[in-house]
Amino acid sequence: MARRASKRSRSTAGRGIATCALLLVLVGATPSAAEEYQSSYTGHPVRILAYVVHPIGVILDFLIFRPAHWIASHEPIRTLVGQHH
């Protein structure tokens with residue numbers, strides 16, 4: 001009987017600590033400040049180019065580079081490309 005009571009008190013204490021930690025995080029959390037909009041930067045030619053090129057880079061990353069890295073990280077390809085660990 002004593003063992004059950006001690007397990008319950010530890011479980012209750014753990015829940016209380018977790019609840020207090022969660023409340024502290026929620027109370028202490030502050031909204032992040034967004035970067036201030038500056039219209040002089042939005043029309044920059046490099047920024048406009050980045051709007052076009054970035055999605056292409058993300059697509060290439062997921063379709064080509066990540067699978068290639070996964071394949072190259074397994075034997076025997078890993079040894080062939082010189083990735084020794």
Side-chain angles (χ1 to χ4, degrees):
M1 237 13 194
R3 287 185 181 175
R4 285 186 182 178
S6 68
K7 284 184 181 180
R8 284 185 186 158
S9 64
R10 277 189 255 156
S11 175
T12 304
R15 286 185 189 149
I17 291 170
T19 302
C20 288
L22 178 63
L23 287 173
L24 282 172
V25 168
L26 291 175
V27 170
T30 58
S32 62
E35 188 175 320
E36 189 175 321
Y37 177 77
Q38 296 179 357
S39 61
S40 61
Y41 293 150
T42 58
H44 194 279
V46 176
R47 171 55 40 205
I48 294 169
L49 180 65
Y51 288 138
V52 175
V53 175
H54 182 264
I56 295 169
V58 171
I59 291 168
L60 289 174
D61 183 40
F62 278 99
L63 294 180
I64 297 173
F65 302 122
R66 288 181 188 219
H69 180 267
W70 182 82
I71 290 169
S73 65
H74 291 83
E75 289 295 340
I77 306 297
R78 182 171 71 182
T79 302
L80 292 173
V81 296
Q83 274 191 348
H84 298 285
H85 292 303

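Nothing fancy with the numbering, it's 1 onward along the sequence.
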**Prompt:** Which pair of non-hydrogen atoms, one from V81 and one from A72, has the smallest distance, and what is that distance?
**Reply:** CG2-O, 4.1 Å

**Asked** Is I56 linked to V58 within one hydrophobic cluster, defined over Ile, Leu, Val, Met, Phe, Trp and Tyr using a side-chain heavy-atom separation of less than 4.5 Å?
**Response** no

**Message:** Please report the interatomic distance CD1(I59) to NE2(H54), rounded to the nearest 0.5 Å.
**Reply:** 10.5 Å

**Asked** Are L60 and L63 in one and the same hydrophobic cluster, where Ile, Leu, Val, Met, Phe, Trp and Tyr link if side-chain heavy atoms are under 4.5 Å apart?
**Response** yes

**Message:** Using every non-hydrogen atom in the two residues, find where P55 and A50 come nearest and quote the distance to one decimal.
**Reply:** CD-O, 4.3 Å

**Prompt:** Got a second to check how far I71's CD1 is from R66's CZ, nearest 0.5 Å?
**Reply:** 14.5 Å

